[in-house]
Amino acid sequence: MPMECDNALRQRKSVFPKITTNTLKIAGTILLTLYFFSTAVIQNGILHVPSYTPQQLNDLLGGDAQAMLWASIASLAEIIGMIAISIYAYLLVQGVKHTSNMGKYALSVLAFALISEVPYDLAVLGRPWDWSTQNTLWGVFIALITLWLMKRAEGQGMKTYVFSVLAAVGGCLWAVLLRVQFGWGFVLIASVLFLLRGRRTVSLIAGVGVSLVYMTASMGFILISLCNGERAAGGSRLGKYAYYAYYPLILALMALWVRLNQAA
C-alpha cells in the first residue's frame, strides 16, 4: 500500500510541468522589459508624464481618451512587470548557491550596475545623471553581498540565524540609503529565500509573504514553484554576461527612442 501511494503521488506531481532556471531567466527578462516599457516608453515617451503637474496630468487623462488608454496600458504593464522582482531574487539565490567564485560574481554585478546607471537615468528620469534613485542592479549587488555574508556565517547554530537577520537588515538599510529601485524589498526577499533554501515549501511560503511588499511580486512564485533548479545544458560564459548586458542595453534603446520621439 505505501508503495502504491508513493507511485500515485509521483504521478500526480508529474502533471505539473517543470522548468529550468534558464526558462525563469527568460520570463524575468520579458517581465523586466515590460516594466520599463511602461516607465520609459509610455510614461516618458508617449505621455510625457514628467512635464505635467499632478493636476495637469489628471486633466489630460480626463479629457483625452487616447491618453487614458495609454495610461491604462502603462499601469497594467507596470503591475505585470513587478512579477519579475521575486523571480530575480530566486535566481540570485540559485546563483550564490552554485557559484564557485563569489568575488568574480560580485564584481560582474557591480560592473553592470555601474554601466547601467546612465541608461537607467536617461530612460526613467530623462537625465544622464540623477541621485534621486539608483538602478535595480544596485539592489542585486547589495543582496549578493548580503547573501555572501549569510553564507559565511553558516554552521554556527543559532548564531547563524542571528547574524543572517542582522545582515539582511543591514542590506535593506543600505538599499534605502542609496535609494535603489525595488532595493530593500528585493534584498528582503532574496535573504528569506536564501536563509530557508533547505526547506523548499517553507521558503516558498515565506517568500510569498515577504514579496507582498510589492503589488504583484508574489505571483512570481507560481513559476518559481515549478522550477527544478536545473540549468539547461550548453550554457556559456558569453550567455551569462549577455543576461546582465541586456538590462543596460534595453534601457539605452528605450532612452534613445524617447529622445528621438521628442525631437521629431
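Residue numbers run from 1 in the order of the sequence given. Reckoned from all heavy atoms, side chains included, excluding hydrogens, waters and symmetry mates.
- The two residues Ala167 and Leu149 make their nearest non-hydrogen contact at CB-CB, 4.4 Å.
- Sequence neighbours left out, not one pair with a member in residues 57-90 passes ring-ring contact (aromatic ring centres under 6.0 Å, His included).
- Taking the side chain as every heavy atom from C-beta outward, Val140 and Leu137 approach each other to under 4.5 Å.
- Residues in residues 122-131 take part in these salt bridge (Lys or Arg N to Asp or Glu O under 4.0 Å) pairs, two or more places apart or across chains: Arg127-Asp130.
- The cluster map of Ile, Leu, Val, Met, Phe, Trp and Tyr, joined by side-chain heavy atoms under 4.5 Å apart, puts Val124 and Trp131 in different clusters.
- Under the 4.5 Å side-chain criterion, counting only non-hydrogen atoms from C-beta, Phe37 is in contact with Met254.
- Taking 4.5 Å as the limit, every side-chain heavy atom of Phe182 sits out of range of all side-chain heavy atoms of Val213.
- Side chain to side chain, Thr33 and Tyr246 meet the donor-acceptor criterion of an N or O pair below 3.5 Å.
- Residues Leu196 and Ser203 share a closest heavy-atom pair of O-CB, 3.3 Å.
- Atom CZ of Arg200 sits in a crowded spot, with more than 12 heavy atoms from other residues, nucleotides or ligands closer than 6.0 Å.
- The closest donor-acceptor contact from the side chain of Thr216 to the backbone of Ile79 lies under 3.5 Å.
- Put simply, the side chain of Arg197 gets close to the backbone of Phe194: a donor and an acceptor are under 3.5 Å apart.
- Considering CG of Leu92 and CD1 of Ile189, their distance stands at 11.5 Å, rounded to 0.5 Å.
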| said: Would Trp174 and Thr146 count as a side-chain contact (heavy atoms from CB on, under 4.5 Å) here? Give the steps. | reply: CA-CA 10 Å; Trp174 271 110; Thr146 301; over 6 Å; no

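- In this structure, Phe112 has its ring center no closer than 6.0 Å to that of Tyr247.
- Residues Ile30 and Ile250 do not share a hydrophobic cluster, clusters being chains of Ile/Leu/Val/Met/Phe/Trp/Tyr side chains in contact below 4.5 Å.
- The heavy-atom pair separating Pro119 from Pro248 by the smallest distance is CB-O, 3.7 Å.
- Taking hydrophobic clusters as Ile, Leu, Val, Met, Phe, Trp and Tyr residues chained together by side-chain heavy-atom distances below 4.5 Å, Val41 shares a cluster with Ile73.
- In Gln56, the CD atom is crowded: over 12 heavy atoms of neighbouring residues, nucleotides or ligands sit closer than 6.0 Å.
- Contact of the Pro128 side chain with the Leu122 side chain is registered, since non-hydrogen atoms from C-beta on lie closer than 4.5 Å.
- To the nearest 0.5 Å, atom OH of residue Tyr244 and atom OG of residue Ser108 are 7.0 Å apart.
- Residue Ala77 comes nearest to Ser38 through the heavy atom pair CB-CB, 3.8 Å, listed as atom of the first residue, atom of the second, then distance.
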task: Evaluate the side-chain contact (heavy atoms from CB on, under 4.5 Å) criterion for residues Trp129 and Glu117: first the C-alpha distance (whole Å), next the side-chain angles of each, then the deciding distance (0.1 Å), finally the verdict.
output: CA-CA 8 Å; Trp129 195 261; Glu117 192 58 36; 3.9 Å; yes

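- Rounded to the nearest 0.5 Å, atoms CG (Leu223) and CG (Leu24) are 6.0 Å apart.
- Among pairs with a residue in residues 56-66, none fulfils salt bridge (Lys or Arg N to Asp or Glu O under 4.0 Å), at least two apart in sequence or across chains.
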Under the criterion side-chain contact (heavy atoms from CB on, under 4.5 Å), I'd like the reasoning laid out for Val169 against Leu173: C-alpha separation, chi angles, the key distance, then a yes or no. CA-CA 6 Å; Val169 171; Leu173 288 176; 4.2 Å; yes

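- Judged by distance alone, the side chain of Asn135 and the main-chain N or O of Ala113 form a donor-acceptor pair under 3.5 Å.
- Judged by distance alone, the side chain of Thr160 and the main-chain N or O of Ala153 form a donor-acceptor pair under 3.5 Å.
- Rounded to the nearest 0.5 angstrom, Tyr214 OH and Met82 CE are separated by 8.5 Å.
- Following chains of ILVMFWY side-chain contacts shorter than 4.5 Å, one can reach Met215 starting from Ile224, so the two form part of one hydrophobic cluster.
- Separating the CD atom in Gln94 from the CG atom in Leu193 is a distance of 9.0 Å, to the nearest 0.5 Å.
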**Report entry** Pair Val208-Leu204, side-chain contact (heavy atoms from CB on, under 4.5 Å): steps then yes or no
**Finding:** CA-CA 6 Å; Val208 169; Leu204 292 178; 5.6 Å; no

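- No more than 12 heavy atoms of other residues, nucleotides or ligands shown are found within 6.0 angstrom of CE on Met219.
- Heavy atoms only, all atoms of each residue included: Ile42 and Ala74 are closest at CG2-CB, 3.6 Å.
- Taking the side chain as every heavy atom from C-beta outward, Leu31 and Tyr35 never approach each other to under 4.5 Å.
- The side-chain contact (heavy atoms from CB on, under 4.5 Å) test with Glu154 is passed by exactly one of Lys151, Met150, Gln156: Lys151.
- Nearest heavy atom pair, residue Phe186 against residue Gly139, reads CD2-O, 3.8 Å.
- Cluster membership check: Leu177 does not share its hydrophobic cluster with Leu188, using side-chain heavy-atom separations under 4.5 Å among Ile, Leu, Val, Met, Phe, Trp and Tyr.
- Within the 3.5 Å criterion, the main-chain N or O of Ala217 finds a donor-acceptor partner in the side chain of Ser86.
- In this structure, CH2 in Trp138 is found 5.0 Å from CG in Leu110, a value given to the nearest 0.5 Å.
- Side-chain contact between Leu47 and Tyr52 is absent, with no heavy-atom pair separated by less than 4.5 Å.
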